[in-house]
Enquirer: 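This structure is in structure tokens; I'll ask about it shortly.
Quick note on labels: first sequence line is chain A, next is B, and so on, each numbered from 1. What you are looking at is a predicted structure, and each value in this text was computed from that prediction instead of being measured.
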2 protein chains.
Amino acid sequence: MIRVMLVDDQQLIRAGLRMLCDAAEDIEVVGEAGDGRAAIELATGLLPDVIVMDLRMPGVDGITATSRIVAARPSARVLVLTTFGDDDHLYPALQAGACGFLLKDAPPDELLTGIRQAAAGESPFSQDVLRRLVRRAVDARPEAPRPVEGLTAREREVLGLVGEGLSNAEIAERMFIGVTTVKTHITALMTKTGSPNRVRLALFAHRG
Amino acid sequence: MIRVMLVDDQQLIRAGLRMLCDAAEDIEVVGEAGDGRAAIELATGLLPDVIVMDLRMPGVDGITATSRIVAARPSARVLVLTTFGDDDHLYPALQAGACGFLLKDAPPDELLTGIRQAAAGESPFSQDVLRRLVRRAVDARPEAPRPVEGLTAREREVLGLVGEGLSNAEIAERMFIGVTTVKTHITALMTKTGSPNRVRLALFAHRG
DNA sequence: GTCCCTCTCCTACCTTGGTAGGAGGCGGCG
DNA sequence: CGCCGCCTCCTACCAAGGTAGGAGAGGGAC
């Protein structure tokens, strides 16, 4: 039996979620809280397996509550359930220690499987949240040889190394070519990208 | 019926996967390829719903194949199935356009549900891959007002402008100080941050 | 074949960046 | 008060970056 605690400021929502959980035979609602402060207190007493947490709440919000609860008990499984899945909610929530992130417009059984996943140590995410997560993670790749228009293969290579902060001599050594060749490529790169100096070129290498 | 194409250089693996898929009533294996080149050709002809793709392959590897396939048909669903889930495989694969990423040590039914998810437009990920994805995405939070230790107010100011790609002369003009003063600050910054040159300093200005 | 692009490298020159060392003014602190 | 840290600026020098122009080798397109 999975012991669940519900945190949401809207009583109606809480009631609906409780009914939903009660309908599942392996899930039991052991407590409810209407704001962050109550959630923190209740969680330390009840020690539920999974805490379903709304973010927008009066007083202490869900992010703060999550952060406190996880800080007090790192094994706590906080599953965020909210209406808004934008970056301003998602990343702070994950930063705070939430193990999953579901949206309220998800089908009911997604919440139930999400709760089961959270209890099992997994990380449930709504699909479009997941998509943004992936995009973000990919954009954050340090080695980002993002295809730049109009540059030759060799130029792209040089551009990447400039972006790493290497000097012309280092680039030459790395690419087994002469320093003058590197300069030739860099001059071409600066003209093509409109960079007045090497630092701007390096910045260009990172974000267009 | 979901039409699946299998890409893996090891024939034994392909046979195993084929049996697994054949056992599922809603999945049909319509083609196999042993390397990237064959995968690209076959995919354009078969137009499978889902392509299960290994990464390590002789000749054209899975990343390249994925990239080509997705470029040719953006609606293609490439599901990576590999032994290694490290960053060097994961992010290039996602960059190339893979819609999901599963590990070969996953339970068999995880692959089947993964294929179904991929066909349905979702993004299946193995749990520990997902965990790394989350960590990366969280670490990449742009709003990181990282206070830099040990730098004076003026130095931080110069650092910011270096990060913008300004030359010493431009920085001097902007800050109403002499070029030599700018140089003094920059020398201090480079020693403090351990940057061997201005580009590295600029990169430091952006992410520690 | 010819043309064009890419990659390679060269010389020469000028600008910018970066190092070394010193110095004066200012404000806080013991 | 004297000391220290920060900010300002200086000279001088050397290293590196960047510009201009040319040139040969190789490959693909026409």
Enquirer: Could you state the interatomic distance from CD (Glu173(A)) to CG (Asn168(A)), rounded to the nearest 0.5 Å?
Expert: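 Going from the CD atom of Glu173(A) to the CG atom of Asn168(A) covers 13.0 Å.
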Enquirer: If you check every side-chain atom of Asn168(A), which of dG17(C), dG17(D), dC6(D) has the closest atom?
Expert: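 Nearest listed nucleotide: dG17(D).
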Enquirer: Taking NZ, NE, NH1 and NH2 as the nitrogens, is one of them in Asp8(A) or Lys104(A) under 4.0 Å from a carboxylate oxygen of the other?
Expert: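 Salt bridge present between Asp8(A) and Lys104(A).
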Enquirer: Whether Arg77(A) and Asp49(A) form a salt bridge (side-chain N of Lys/Arg under 4.0 Å from carboxylate O of Asp/Glu) is what I want to check.
Expert: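 Salt bridge: no.
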Enquirer: Out of dC7(D), dC9(D), dG18(C), which nucleotide sits closest to the side chain of Arg198(B)?
Expert: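 Given the options dC7(D), dC9(D), dG18(C), the side chain of Arg198(B) is closest to dG18(C).
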Enquirer: Closest approach to the side chain of Lys183(B), judged atom by atom: which nucleotide of dC7(D), dT19(C), dC7(C) is it?
Expert: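 Side chain of Lys183(B) sits closest to dT19(C).
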Enquirer: From the set dT11(D), dG17(D), dC7(D), return the single nucleotide nearest to any side-chain atom of Thr180(B).
Expert: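 So the nucleotide nearest the side chain must be dT11(D).
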Enquirer: Classify the nucleic acid contact of Thr184(B) as base, sugar-phosphate or nothing, counting any heavy atom under 4.0 Å across all strands shown.
Expert: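 Counting heavy atoms under 4.0 Å across all strands, the contact made by Thr184(B) includes a base.
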Enquirer: From the options dT19(D), dG18(C), dC7(D), select the nucleotide whose nearest atom is closest to the side chain of His185(B).
Expert: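 It is dC7(D).
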Enquirer: For Val134(B), which of Leu130(A), Leu133(A), Leu90(A) qualifies under side-chain contact (heavy atoms from CB on, under 4.5 Å)?
Expert: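 With Val134(B) as partner, side-chain contact (heavy atoms from CB on, under 4.5 Å) holds for just one option, Leu133(A).
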Enquirer: Which nucleotide sits closest to the side chain of Ile177(B): dC9(D), dC7(C), dG18(C)?
Expert: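 Comparing dC9(D), dC7(C), dG18(C) against the side chain of Ile177(B), the answer is dC9(D).
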Enquirer: Quick check on dC9(D): is either OP1 or OP2 less than 4.0 Å from any side-chain nitrogen or oxygen of Thr181(B)?
Expert: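 For Thr181(B), the contact criterion (side-chain N or O under 4.0 Å from OP1 or OP2 of dC9(D)) is met.
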Enquirer: Output the rounded distance in Å from CG (Leu166(B)) to P (dT16(C)).
Expert: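 After rounding, the reported distance stands at 14 Å.
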